[in-house]
Amino acid sequence: MNEWVTAMQARKWMKKNESFLPSWHAYVGAELGLFDEFRTARTVEAISEKTGYPHDLLASWVKVGVAVKHLKKRPNNRFRTSKRRCAALMGEDASPGVKALLKEMMELHIPTMLRYPDIITSQERAEFDHERHGGVVAETSALLEHFAIKKIKKMIREKQVLSIVDLGCGHGGYLRKLAAEFPDVQMIGVDINQKVIDKAREMSGDYTNVRFQVGDINSWTPEDENVDVILLHNIFHYIHPDDRAPLLDHLYSYVRPEGLISVITPINETEHGEAFSSAFNSFFVAHSNLFALPTKKELQEVSQNCKFDLFDLSPIVKEGSWYTFWLSPASPVEEIHQTGWSGETAQSLKTEKRTGELTRSS
């Protein structure tokens with residue numbers, strides 16, 4: 001191949017790497033608190049002396065910051081953080097969600113994607129460390145739930161919900177938001193990670209209507225009675241496709257006949273966020289204990305096989321192909337309509353249907 005063509009092709013791909021730099025720079029600055037150190041105009045020498053960070057490494061980070069406009073150069077070789085661009089990474093107003101997102105991308109997603117050649121050739125997949133990374137994943141999941149909370153609050157008011165279970169609750173942030181507005185609704189958060197549950201309890205001490213339990217969502221059941229609403233948010237990629245139907249069958253056993261399951265999940269092969277969702281799916285399948293994202297077709301098939309009606313499927317974060325929808329325990333509408341059974345008998349029929357003992361009674 002012509003050397004000039006080779007050089008131009010390499011140059012083209014080099015330019016594509018530039019979009020990575022702002023994320024890398026933000027991650028380093030957030031992890032080390034450097035945006036706060038440069039809150040006011042300071043020299044690299046002064047910050048190096050204060051923090052003990054090597055001068056040459058710090059100076060290199062600062063130069064990248066100026067190039068991507070995270071830092072501004074001031075007279076006398078001083079530099080200051082751009083508050084307009086980096087406010088979410090500074091001080092008391094810093095967004096834990098933004099920091100968690102950067103951390104998840106840099107410490108989880110990108111390292112796994114860089115290992116792809118070795119994973120493919122060796123056929124030895126990575127293993128997701130729930131103990132190490134469960135906390136940061138809980139933070140990023142909470143970001144996505146924010147986009148659905150308005151719809152869920154509306155449902156709670158309209159259906160006069162009395163009990164909620166959040167499966168895979170993380171640090172319990174979603175339940176705290178709901179508990180603050182609905183103090184009379186009893187809420188339980190369930191997560192398999194003891195450290196995550198410990199932090200959830202610590203952060204939720206002011207909410208008397210919220211409690212947390214360590215448990216496997218595939219087998220956990222409420223102690224007292226069935227529940228009105230189950231939150232199943234960002235869970236499907238932790239469940240093998242063959243085990244998703246059994247999970248929904250299990251939830252069917254304790255959600256009330258008139259109850260609802262709220263689902264939030266990224267979906268693969270959709271018209272929204274194809275690049276992100278396919279890359280996200282690649283990250284999951286590269287792990288031995290994470291699994292492929294569901295497709296719309298799979299969700300429809302699983303819900304129907306598990307006696308749930310799926311409705312209100314809609315994107316909440318289009319660029320990431322994150323969707324929200326409801327699952328409702330299916331009612332034997334045709335049988336009720338054909339026989340003219342009363343509401344009381346219909347409820348009895350539905351209970352029998354749950355236990356696999358569907359019989360016609362007079």
Counting distance only, does the side-chain N/O of [X] pair as donor-acceptor with the main-chain N or O of [Y] below 3.5 Å?
{"X": "Ser163", "Y": "Asp228", "result": "yes"}
{"X": "Ser282", "Y": "Ser278", "result": "yes"}
{"X": "Arg256", "Y": "Asn226", "result": "yes"}
{"X": "Arg201", "Y": "Arg211", "result": "no"}
{"X": "Ser122", "Y": "Glu124", "result": "yes"}
{"X": "Asp243", "Y": "Ile239", "result": "no"}
{"X": "Arg78", "Y": "Pro75", "result": "yes"}
{"X": "Ser321", "Y": "Lys318", "result": "no"}
{"X": "Tyr238", "Y": "Asn289", "result": "no"}

What about the rings of [X] and [Y], do their centers lie closer together than 6.0 Å?
{"X": "Phe35", "Y": "His25", "value": "yes"}
{"X": "Trp326", "Y": "Phe308", "value": "no"}
{"X": "His250", "Y": "Tyr254", "value": "yes"}

task: Could you label the plane-to-plane angle of the Phe280 and Phe276 rings as parallel, tilted or perpendicular, counting under 30° as parallel and over 60° as perpendicular?
output: tilted
From CA spacing to verdict: salt bridge (Lys or Arg N to Asp or Glu O under 4.0 Å), Lys307, Asp249: CA-CA 8 Å; Lys307 299 173 284 191; Asp249 276 335; 5.3 Å; no
Got more than 12 heavy atoms from elsewhere within 6.0 Å of [atom1], [X]?
{"X": "Glu271", "atom1": "CD", "result": "yes"}
{"X": "Arg132", "atom1": "CZ", "result": "no"}
{"X": "Glu18", "atom1": "CD", "result": "no"}

Heavy-atom side-chain proximity of Tyr323 to Val263 below 4.5 angstrom: no
message: When you compare the side chain of Ile156 with that of Leu178, does any pair of heavy atoms fall below 4.5 Å?
response: yes
Do [X] and [Y] have side-chain N/O donor and acceptor atoms under 3.5 Å apart?
{"X": "Asp191", "Y": "Asn193", "answer": "no"}
{"X": "Glu107", "Y": "Tyr27", "answer": "yes"}
{"X": "Glu104", "Y": "His109", "answer": "yes"}
{"X": "Ser204", "Y": "Arg176", "answer": "yes"}
{"X": "His237", "Y": "Thr265", "answer": "no"}

- prompt: Can Thr324 and Ser314 be said to form a side chain to side chain contact (heavy atoms under 4.5 Å, CB included), step by step?
  reply: CA-CA 6 Å; Thr324 180; Ser314 58; 3.8 Å; yes
statement: Between Met187 and the options Val210, Leu231, Val229, the side chain to side chain contact (heavy atoms under 4.5 Å, CB included) test singles out Val210
Matching residue for Pro294 among Lys297, Lys296, Glu298 - test: side chain to side chain contact (heavy atoms under 4.5 Å, CB included): Glu298
- request: May I ask you to say whether Glu37 pairs ionically with Arg42, meaning some side-chain N is under 4.0 Å from a carboxylate O?
  value: no
field: Basic-acidic side-chain contact under 4.0 Å: Lys177, Glu181
entry: no
Intermediate values then yes/no, side chain to side chain contact (heavy atoms under 4.5 Å, CB included), Lys159 and Leu260: CA-CA 10 Å; Lys159 292 182 68 69; Leu260 287 173; 3.7 Å; yes
Hydrophobic cluster membership, [X] vs [Y], 4.5 Å side-chain cutoff:
{"X": "Phe311", "Y": "Leu251", "value": "no"}
{"X": "Phe79", "Y": "Val64", "value": "yes"}
{"X": "Val28", "Y": "Val136", "value": "no"}

message: Rounded to the nearest 0.5 Å, what separates atom CG in Leu299 from atom CG in Leu248?
response: 9.0 Å
Trace of the salt bridge (Lys or Arg N to Asp or Glu O under 4.0 Å) decision for Asp198 with Lys195: CA-CA 5 Å; Asp198 289 342; Lys195 291 182 180 179; over 6 Å; no
